[in-house]
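Both backbone and side-chain heavy atoms feed into the values below; hydrogens, waters and symmetry mates do not. These numbers come from a predicted model, not from an experiment.
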Amino acid sequence: MKQIKRNILLNPGPATTTDSVKNAMVVPDICPRELEFGELTLSVRNDLIRAAYGEKNHTCVMLTSSGTGGVEACLTSVVPHDKKVLILNNGAYGERMQKICDAYSIAHIDYNQTWGSPLDLIQVEALLKKHQHEISHLAFIHHETTVGILNPLSEISALSGKYQVETIVDAMSSFAGMMIDVEKDNIHYLVSSSNKCIQGMAGISFVIANLQSLLRTREIKARNFYFNLLENHLYLEKNKQFLFTPPVQTLYALRQAVTEYFTEGAENRFSRYASIYEVMKKKVKALGFEFLVEEKHHAKLLTAIMDPKSPAYSFNEMHDYLFERGFTIYPGKVGNSNTFRLSNIGAIYPQDMEDFLKVFEEYLRLKKII
Ligand SMILES: Cc1ncc(COP(=O)(O)O)c(C=O)c1O
């Protein structure tokens, strides 16, 4: 196997991958219309369904796009023309759902919360009640990666059940990083992508969809073409092929990543991520930093940390110092608050976080920021 330099990505995805995932992309050229590739495609699809505990009632539609494409495909394929979607927004990705709906003239009702603050479910329920006959779907972000807040999945989807609307969950940065059970959590559509907690390469988004709900979208006059969820699903079912040219090598990498997910075990992956978070939290607090989001709402997958007040601080300079030493961190401005973000997903381990924190502290002391 070719030795590849290992970078520790603490940005919120694409995440660090294993060498075996990287190497899985180096394969003989193959036409994706060949049966061999079709079988690979179906095996990945079925395993993604399994990872979401959706074998009973769900299917999975894979698309060639970044994560946003999956969210766009979902919203534009499933909301009937005479209905509205209630969108919960407490970060950039909730707002993005609203922008997608605006771009396609999909009617939406917005619940807007200050970014970084928890959703008020009493207000959400009041909106569901008030617009009961207009709303067909409730859409929200599970882990709002803008700030690292975890929105309460089961409580929100219980509200969808109570008001008989379908649930659309953007679980981009939480799927395969924490427990999500599409059946128990009453999720009709869950969207994620290949390059976050599943630890594959960028280029594939996927929508784990309740099959009955998806089949009912047949009645909706299509607003989209490339991104039509039902058409993509039916084509794969019938032909064992993607409807359009897939990112061939990325799919091989995803095959390997999904295998590694099951080999590690879901619970082990969740606790590995959580323990990296604990290492980060303890040290960052000891260094005197504050978090943007109250600790009890942390998703424990990404943390937004308030910038130090010292005039000697410059995010770009700190980024470059760390980057030169193999660690990538991420900026993050939320309203008037300047933060930087550290994520703890991907093929990284508690020791990597320890190593990062040493270099981080070294920089802060060198520049007299602490
Ligand atoms: C919650 C969430 N939704 C959507 C996206 C958009 O994904 P992409 O940048 O792959 O289009 C991201 C990206 O980080 C995300 O974290």
Side-chain angles (χ1 to χ4, degrees), residues 9-18 20-22 24 41 43-55 58-63 65-71 74 93 140-145 148-151 153-154 157 167-185 187 189-209 250-277 298-303 343-350 352:
L9 302 188
L10 303 176
N11 51 294
T16 299
T17 55
T18 59
S20 36
V21 165
K22 292 180 188 75
T41 305
S43 80
V44 175
R45 182 197 68 171
N46 295 344
D47 278 350
L48 289 173
I49 299 170
R50 185 154 69 95
Y53 304 93
E55 295 101 318
H58 288 69
T59 186
C60 172
V61 186
M62 292 184 285
L63 300 159
S65 74
S66 79
T68 305
V71 177
C74 191
Y93 298 107
F140 66 99
I141 314 298
H142 182 209
H143 168 213
E144 182 42 92
T145 328
I149 198 167
L150 189 69
N151 288 323
L153 179 56
S154 337
S157 53
T167 320
I168 299 172
V169 184
D170 170 345
M172 208 65 69
S173 56
S174 57
F175 172 77
M178 62 170 53
M179 187 59 180
I180 304 177
D181 180 326
V182 286
E183 194 68 44
K184 280 199 201 135
D185 291 328
I187 300 173
Y189 300 97
L190 175 145
V191 189
S192 192
S193 72
S194 51
N195 59 260
K196 296 214 190 283
C197 304
I198 199 69
Q199 299 184 183
M201 294 295 169
I204 299 175
S205 68
F206 47 90
V207 182
I208 297 172
T250 302
L251 198 78
Y252 279 99
L254 185 56
R255 173 62 276 166
Q256 178 63 23
V258 173
T259 300
E260 291 178 12
Y261 174 75
F262 285 112
T263 305
E264 179 172 11
E267 289 299 337
N268 292 336
R269 173 148 315 171
F270 306 159
S271 59
R272 173 164 61 85
Y273 284 0
S275 53
I276 305 172
Y277 163 81
H298 283 193
K300 305 189 179 178
L301 295 167
L302 171 138
T303 310
S343 114
N344 50 284
I345 63 172
I348 59 170
Y349 300 86
D352 295 316

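With D352 contributing its side chain and Y349 its backbone, the two residues share a donor-acceptor pair below 3.5 Å. Judged by distance alone, the side chain of S157 and the main-chain N or O of D185 form a donor-acceptor pair under 3.5 Å. Not a single donor-acceptor pair under 3.5 Å links the side chain of R269 to the backbone N or O of F262. Side chain of T16 to backbone of G346: no donor-acceptor contact under 3.5 angstrom is found. Proximity of a side-chain donor or acceptor of S194 to a complementary backbone N or O of I204 within less than 3.5 Å is detected. Looking at S343, its side chain does come within 3.5 Å of a backbone N or O of N11 through a donor-acceptor pair.
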*Show the numbers, then the answer: is there a side-chain contact (heavy atoms from CB on, under 4.5 Å) between T167 and L153?*
CA-CA 10 Å; T167 320; L153 179 56; 5.7 Å; no
*asked:* Let's go through E144 and Y93 carefully: what are the C-alpha distance in whole Å and the side-chain angles of both, what is the deciding distance for side-chain contact (heavy atoms from CB on, under 4.5 Å) to 0.1 Å, and is it a yes or a no?
replied: CA-CA 7 Å; E144 182 42 92; Y93 298 107; 3.2 Å; yes
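Two residues are said to be in side-chain contact when any heavy atoms from C-beta on lie closer than 4.5 Å; R255 and D47 meet this criterion. Between R45 and T59 the shortest side-chain heavy-atom distance falls below 4.5 Å. Contact annotation: the side chain of M62 approaches that of L48 to within less than 4.5 Å [non-hydrogen atoms, C-beta and beyond]. D170 is not listed as a side-chain neighbour of I168, based on a closest heavy-atom distance of 4.5 Å or more. Between V71 and M172 the shortest side-chain heavy-atom distance falls below 4.5 Å. Here the side chains of F206 and L63 are not in contact, with every heavy-atom distance at 4.5 Å or above. Residues L302 and I345 fail the side-chain proximity criterion, which asks for heavy atoms closer than 4.5 Å. Looking at heavy atoms from C-beta onward, F175 lies in side-chain contact with I208 at the 4.5 angstrom threshold.
Qualifying ring-ring contact (aromatic ring centres under 6.0 Å, His included) partners for Y277, counting only residues two or more places apart in sequence or in other chains: H298.
Defined by atom type and a distance below 3.5 Å, a donor-acceptor pair is present between the side-chain atoms of T145 and S173.
Residue E264 holds its CD atom at 8.0 Å from OG of S271, rounded to the nearest 0.5 Å. Note that CD of Q256 is 6.0 Å distant from OG1 of T18, once rounded to the nearest 0.5 Å. In this structure, NZ in K196 is found 9.5 Å from NE2 in H143, a value given to the nearest 0.5 Å. Atoms CG and CG, from N344 and L301 in turn, are 6.0 Å apart once rounded to the nearest 0.5 Å. One distance of note links NE2 of H58 with CD of E183; it measures 6.0 Å at 0.5 Å rounding. The distance from atom CG of N46 to atom OG1 of T41, rounded to the nearest 0.5 Å, is 10.5 Å.
Minimum interatomic distance between A266 and Y53 (heavy atoms only, all atoms of both residues): CB-OH, 4.0 Å. When every heavy atom of V182 is checked against every heavy atom of G54, the shortest pair comes out as CG2-CA, 3.5 Å. The two atoms that bring S205 and G69 nearest to each other are OG-C, 4.2 Å, heavy atoms only. A pairwise comparison of heavy atoms in G70 and V207 identifies O-CG2, 3.7 Å as the closest pair. Here the shortest heavy-atom pairing between Y261 and A51 reads CE2-CB, 3.9 Å. Nearest heavy atom pair, residue H142 against residue I180, reads ND1-CD1, 3.7 Å.
In summary, of the residues considered (L251, N195, V21), a side chain to side chain contact (heavy atoms under 4.5 Å, CB included) with M201 occurs for V21 alone.
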